[in-house]
Structure formats: C-alpha cells, structure tokens
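The figures that follow rest on heavy atoms only: side chains count, while hydrogens, waters and symmetry mates do not. Order of the sequence lines sets the chain letters (A, B, ...), proteins ahead of strands, with each chain counted from 1.
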Amino acid sequence: MRFSQTLIPTLRENPSEAEVVSHKLMLRAGFIRKLSSGVYSYLPLGLMTLRHIEKIVREEMNAAGAQEVLLPMVQPADLWRESGRLQKYGPELLRFRDRHERESCLGPTHEEVITDLVRNNVHSYRALPLNLYQIQTKFRDEIRPRFGLMRGREFIMKDAYSFDDTDEAAQLTYEKMRYAYHRIFTRCGLAFRAVEADTGTIGGSFSHEFMVLADTGEDTLVICPKCSYAANMEKAACMPPPTGEKVAEKPLAKVETPGKRKVGAVTEFLRISAKELVKTMIFMADGKPVAVLLRGDHEVQPVKLQNFLGAVEVELATDQECFTATGVPSGYLGPIGMKIPMVADREVLAMQNFAIGAGEKNYHFINANVGRDFQVERTADLRLITEDDRCPLCGAGLNLTRGIEVGHIFKLGTNYSEALHAVFLDSNGQEKPFIMGCYGIGVSRVAAAAIEQNHDKDGMIWPLPIAPLPLIILNLGVNDEKITTAAESLYSELEEQGMDVLLDDRDERPGSKFKDADLLGIPYRLTVGKKFAKEGLVELRTRKTGESVDIPFAEVRDKIYQMINP
RNA sequence: CGGGGCGUAGCGCAGCCUGGUUAGCGCGCCUGCCUUGGGAGCAGGAGGUCGGAGGUUCGAAUCCUCUCGCCCCGACCA
C-alpha cells in the first residue's frame, strides 16, 4: 500500500468533538470519520484493523464448533412482539414502517431472529448442540452516543447463540465459549480479565464480562491478585464481617445534634469516625419505601439492593419522600421506632456502641446496639465494595481497576425458546424448549479499547495481531534515485512474500513522516534514508519500545520476515 | 428527556457583547524556489450561501424568533 495513493487523512490537531483518547487518535490517524452522531465511516486503516479482529474471532469461533451465518438487519416488529421485547426494549429499538405500512425495526441484537430460524428448521435433539454466530452491524438508538467507536449507535458486533438439549450440555457450551473468548482476546494482544457480572434483566444463571484493562475504562473491576476472583463492581461480593471481640455494651444516650444531618457533620460533632455510625437511607423500591441501614463510610450498591428485594426499580428517596414515609426529616433517621420495612447491610451486625439518628429532628443516639435497642430482621450484602475489602474467596487484599467491556457471555436458559415456542424432540420423543446461551463481542469496540490500552503521547501503539499493517517503510529520499530504488525494491519484495506493508512514498519532509508513522501506531518502521546512501544501513524501529537498530540492507528482508511471522 | 455549551474555509479558532467597506488568523491544500533524520523557510494562489428559515434595520456573522445539527454532564447501555 502506498501512502500517497491511500486515503489516510491524518490531522495535526485534535478535533474538538473528541473527548477520549481512542476517539481522538482514530480521527487524527484517519481511521474513521463521523457521518452523524454515533455513526462512523471506517477508512482503509480502520477497516484493516477491524478485519484483523474479525479474522481472529472467526477462527476461534469456528474452532469452538460454531458456524457462521448472516442474519437480517431489518426485522419484522411482529417477531419482537412475540418475544415481548417490542414493549420492553424501549426507544433504543429503532422502529419504522416500510412502504406497505409494515412495522419493522433495525436489529439491535438477534435473539428473536435466530430463535425463529432454529425453531423453523431444527426439530431433533440429534441436531444439537448447535452454535450459530454472525459478525454484523447492529443499530441501537442510544440516548447519548459518545466516545467515538466506544459507544456508537451503529457498531459491529459478533454475536453467537447456542442451542442445547440439556443443562449439562448448555454448561459445556458456555465453558467452550468462555475458553474461546480467552483465546480471542489473548490473540488480539490485549490485557483483559473475565469478571463475574450481574445478569441484569436478561436473567439466567450466570454471566461473564470480558474487560480490557485500561485506566480510561468506564467500568470498575474488582480483582484479586492472589486467586482467580474477578468481578464487576455491581456484582462483587463483600466478605462477611469478622466476628470481632465483643466489648461491653454502653448505655444508650440521646444527644442533641442541632443542624447536623450529613454523616461528616455528625461524626465531627460527636468526635467519632464514620465507622462508628450507622446511617439510615430510604430507598423507593418500585414505589414503596424501604429503610437501609449501613455503616457510615459505606455506600449502597443499588443493584444488590434491587436483587435482594426482587424489585424492578430502586431509587434513593427524595427528602420529601423520606419525610412522608417516616415522619422524620432526613438526617435524623434511625432504626429505633422505624415505621417502614428495614434491611441492614451485614456489616452493621459487626458493630457495637454506634451512633444512629434518633428519629427526631436535631437528635442522635450514641452507643446503640443491635438486639438491645432495635431489631433487624433482614440482613444482606448490600454495599459497594471498597479498596479496603478482602477477596471473598481467599481473603487477600483486592485491587480496583478500570476496564472496558468488550465481550459478554450469558447463559440464557429457555427464556426465548419458551416465548417463541422453539422446541425439539428429545430421545424419548418429549417436546422440550431449547436451552440457549448468547455470546457477544463488540468488534469495533475492541479496536477502540485496544487504543485506550495502548497509546502514548505520539499516537497509537497497535498490538501486532490487530495492527492495520505490521510494517511501514519510510522513503526519506523520494528525490534520491538510490534511496528510492532501495525502498521500492524492499517494499515490492515484502509484498510479494505476502506481507502487508505501507510505503510512505509521499514527498514530505522526514519530520512529518516520523510523526505520522508514530500516530498510526504501526508496530515496526523501516527507514531508508541518508544512512542507507552513506553506509548501506536501514533503521528498524519498534513503535512500542522506541528501540531502533541499524541493519545492513541485504539482511533486512529476513530480519523483518522473522519478526513479523514468528 | 433535564442541565450546560458550540455551529464562521478541510482541521483548530478569532470576530458577535457594543450592527457599518472587500469576514480574519494558524495549520492543511495548489504552484514555484529552496530545504531534507522528528510536523523547515520564502513568494504567489485557491477555498466561505458565517448551519438553515423568517424577522428587525438604510445596512445583519453580529440583534430577535423559529428550526436543524453537534459536543459535554445526568438518567440508560455492547
């Protein structure tokens, strides 16, 4: 590929629309251009990277026994009505009518279509297990697209759907996919972790998210450095509190705390730490108030509370809702005399002689104790895990890390097969719904995540397997016959050997070529310039390390070939 | 949808508040000279319905109304 003849519109300055580094760099390096909000065109270099990711995905999916298909992007609304998701999915599902006034939608995902395909064509346990995947453009009408390819409305996704006859078989399929995903992201050259995730509204027994580790990631992960434990913050379990030494219970006392409402103000006033106070927070769970008791320095994890209560929606109550529900102004709420259902975080049980709101304006109690002063019937792990917590499996200290979700695997069970009546006959002639799983990889997001994880101030630094090309050759003497001949012959020989090479044959000054080569992040760079003219040497530089070596021209081909095709 | 901000040349911006010749600047682009190992220099040049529509005015990039698009924060999410 010749730089001069390829559409690589590099930009010297950062486009004002971009906020995150992958977005900025993809625009600057001429990988993508925006058409409209959340919708991007892929230019040659961007597409080359996507193709490399896709190739790895295909190879590993095929190796895991999955078969590639390509499903329609335009889908009939009736199918979505049948699964019940036409209502549930909400405005993220882009709907429209065709010329015959038929209701249609753009596929944000393909559970319905695949289940329809399978129910019409697979009827026997003999055909199972079946695992079908596709690499397709999805459209989700996101409320707020942002961060370039990281959260576009249109994006490329690999999605696979598995169909099994028994739970054990489905479990095996799930494990195969988990293994395939490990191989895929490893082969992409990315640092990642698989974490336990909340199954969310999809339900099902379990789910793992594959997270590319990057400081700029949107999600926070909890990782144990000693054992294999890794989880999403939403899911991360907190160890039950240690049953410490019991100390003597002090008498409960009421103290005036005028105007002290926030934890910080109360503890400062009482000269105690937040760990010696139990705060009472009111949440509205599907419209009904619930009081949550929590150690002063902890925070509620709403998803845990939601799951514990079996609620669809959980929200922190407003001050008004608090007062209406309890008759006490927020800030002085306490468990004693609480009129509404209460639930305590487990950690509260380990506390003694702690402060609480008195349930009366401008007063708190000190030296309160569970059991003596009030009862808690329901306790659970409800709080957000912190850096001070210990691994729930092995007890080691935990690390919190940022990550970007690039893959998600779910065991779906029979949710969709039952809704769409997708059934088969088992060996006993019994009709049964397929046991399904679904497995997604955000292909375009992988590219963005790779940049978030691998870049420096000069530009991208692509891992070799997914780089648009492995090598760029800089001709620093386009007006020098000797240098040009050498660069051109090197280029054509390597291309003949089947290697993708970008030849910078532009009539630009050396500085510009170096800057662009860095920006594009191509792993290896060969410079043919004045050192060649004088001494017959070309410079080989590694983008990641910045290390360079001078190599006699005659040895370069072999050296390159070894490095790039190990 | 709520809050904030921005649309002026391919990119980044100034000008707008306080209306007044031909709308500027840097980068990029084209031509020539010169230069050639980390985004050189000189000279010349092309490129604008000032997002769009309507209004106020002798006169609108500038003031008013409407509208479209984009970005950021929040709720939501691969």
Side-chain angles (χ1 to χ4, degrees), chain A residues 7 9-20 23-24 27-28 30 33-39 89-93 107-110 136-159 197-198 200-202 207 209-212 217-219 234 302 313 315-316 403-410 438-449 457-459 474-480 483-484 504 506-519 525-534 537-539 541 546 548 550:
Chain A
L7 183 62
T10 60
L11 264 24
R12 189 190 291 222
E13 288 167 280
N14 273 322
S16 59
E17 69 186 56
E19 190 73 9
V20 300
H23 191 194
K24 285 179 187 170
L27 288 168
R28 280 193 58 203
R33 282 295 182 266
K34 185 176 69 186
L35 180 61
S36 70
S37 181
V39 178
Y89 217 91
E92 213 173 288
L93 181 66
T109 177
H110 284 71
Q136 242 278 32
T137 298
K138 306 282 193 214
F139 191 91
R140 294 185 189 175
D141 201 356
E142 285 278 340
I143 301 170
R144 186 151 88 85
R146 55 185 133 177
F147 307 147
L149 294 193
M150 203 75 96
R151 186 182 303 291
R153 291 194 296 166
E154 194 176 285
F155 59 100
I156 298 174
M157 185 168 168
K158 186 285 304 181
D159 48 329
D198 189 78
T201 45
I202 293 183
S207 156
E209 287 175 348
F210 286 76
M211 315 287 301
V212 166
E218 287 186 87
D219 298 310
E234 288 177 2
E313 203 185 345
E315 252 185 325
L316 191 61
I404 299 163
E405 182 183 353
V406 289
H408 202 155
I409 59 179
F410 285 98
C438 76
Y439 319 91
I441 290 179
V443 173
S444 41
R445 186 184 275 185
V446 168
K457 64 173 176 42
D458 294 317
L474 304 188
N475 176 355
L476 291 194
V478 286
N479 299 316
D480 180 309
I483 291 173
T484 297
D504 192 345
R506 297 174 301 167
D507 187 6
E508 290 287 336
R509 299 170 58 80
S512 304
K513 296 194 175 192
F514 288 137
K515 287 290 183 191
D516 273 345
D518 285 348
L519 181 61
R525 183 185 86 190
L526 269 183
T527 306
V528 188
K530 72 179 184 203
K531 261 188 285 190
F532 173 75
K534 283 184 196 157
L537 295 174
V538 295
E539 180 200 79
R541 183 175 146 109
S548 56
D550 292 327

- [ ] May I ask you to evaluate whether A:Lys530 reaches the phosphate of B:G37, defined as a side-chain N or O under 4.0 Å from OP1 or OP2?
- [x] yes
*What does A:Ser36 touch in the nucleic acid at a heavy-atom separation under 4.0 angstrom: a base, only the sugar-phosphate, or nothing?*
sugar-phosphate
Considering only heavy side-chain atoms of A:Glu142, the closest of B:G39, B:G37, B:A78 is B:A78
- prompt: Can you check whether A:Arg12 has a side-chain N or O nearer than 4.0 Å to OP1 or OP2 of B:G28?
  reply: yes
The nucleotide from B:A78, B:U36, B:G37 with an atom nearest the side chain of A:Glu405 is B:A78
ask   = Any side-chain heavy atom of A:Gln136 sitting closer than 4.5 Å to one from A:Lys158?
value = no
Q.
Can you see if the side chain of A:Ser37 gets near the phosphate of B:C71 - specifically, an N or O under 4.0 Å from OP1 or OP2?
A. yes
With the side chain defined as heavy atoms from C-beta on, A:Arg140 is closest, among B:A78, B:G37, B:C72, to B:A78
Quick note, A:Pro15 side chain, CB onward, closest among B:U36, B:C73, B:G12 is B:G12
Answer for the Watson-Crick or wobble partner of B:U36, both distances under 3.5 Å, is none
Original post:
Looking at B:G28, does its base get a donor-acceptor pair with the side chain of A:Glu13 below 3.5 Å?
Top reply: no
Determine whether A:Arg153 and A:Phe139 make a side-chain contact, defined as any pair of heavy atoms from C-beta on separated by less than 4.5 Å. yes
Against the side chain of A:Glu17, the closest entry in B:C71, B:G38, B:C73 is B:C71
Sugar-phosphate, base or nothing in reach of A:Gly511, heavy atoms under 4.0 Å:
sugar-phosphate
Using Watson-Crick geometry (N1-N3 plus N6-O4 or O6-N4) or G-U wobble (N1-O2, O6-N3), each under 3.5 Å, B:G59 is paired with none
* Asked: Considering only heavy atoms and no angle criterion, is a donor-acceptor pair shorter than 3.5 Å present between the side chain of A:Glu508 and the base of B:G39?
  -> no
Any strand, both distances under 3.5 Å, Watson-Crick or G-U wobble: B:A43 pairs with B:U31
| query | Taking the six-membered ring for Trp, does A:Phe514 stack with B:G37 (centroid gap under 5.5 Å, planes within less than 30°)? | reply | no
Counting N and O atoms only, with roles assigned by atom type, does the side chain of A:Arg445 sit under 3.5 Å from a partner on the main chain of A:Glu405, one being a donor and the other an acceptor? yes
*A:Arg525 and A:Glu539 ion-paired at < 4.0 Å*: yes
> So what does A:Gly152 touch, heavy atoms closer than 4.0 Å: a base, only the sugar-phosphate, or nothing?
Replying inline: base
message: Taking A:Lys138 first and then A:Glu154, would you say they form a salt bridge - that is, a charged N and a carboxylate O separated by under 4.0 Å?
response: no
Applying the 3.5 Å cut-off to both distances, the Watson-Crick or G-U partner of B:G48 turns out to be none
Would you say A:Ser16 places a side-chain N or O within less than 4.0 Å of OP1 or OP2 belonging to B:C13?
yes
Rounded to whole Å, NZ of A:Lys138 lies from P of B:A78 at a distance of 13 Å
- Determine: side-chain N/O of A:Arg144 to OP1/OP2 of B:C76, distance under 4.0 Å, yes or no. no
Contacts of A:Gly442 and A:Leu476 projected onto RNA chain B by closest heavy atom; the upstream (5') one is A:Leu476
task = Scan A:Gly440 against the nucleic acid and name what it touches under 4.0 Å (heavy atoms): base, sugar-phosphate only, or nothing.
result = nothing
- Query: Counting only N and O atoms by type, is there a donor-acceptor contact under 3.5 Å from the side chain of A:Arg28 to the main-chain atoms of A:Leu11?
  - Reply: yes
- Any side-chain N or O of A:Arg153 under 4.0 Å from OP1/OP2 of B:A78? no
Give a yes/no answer on whether the side chain of A:Lys34 brings an N or O atom under 4.0 Å of OP1 or OP2 in B:C71.
yes
> Considering only heavy atoms and no angle criterion, is a donor-acceptor pair shorter than 3.5 Å present between the side chain of A:Asp516 and the base of B:G39?
Replying inline: yes
Item to check | Sidechain-backbone polar pair: A:Asn14 side chain, A:Ser16 backbone, donor-acceptor under 3.5 Å | outcome: no
Applying the 3.5 Å cut-off to both distances, the Watson-Crick or G-U partner of B:C17 turns out to be none
**Asked** Side-chain N or O of A:Arg28 less than 4.0 angstrom from OP1 or OP2 on B:G39?
**Response** no
Query raised in the report: So does A:Arg525 reach the base of B:G38 with its side chain, donor to acceptor, closer than 3.5 Å?
Result: yes
By the Watson-Crick or G-U definition, both distances under 3.5 Å, B:C25 is matched with B:G12
### Query
Does a distance-only test, which skips hydrogens and angles, find a donor-acceptor pair under 3.5 Å between the side chain of A:Asn479 and the base of B:U36?
yes
In Watson-Crick or G-U wobble terms, with both distances under 3.5 Å, the base opposite B:G69 is B:C6
Between A:Lys513 and A:Glu92, whichever has its closest RNA chain B nucleotide further toward 5' is A:Lys513
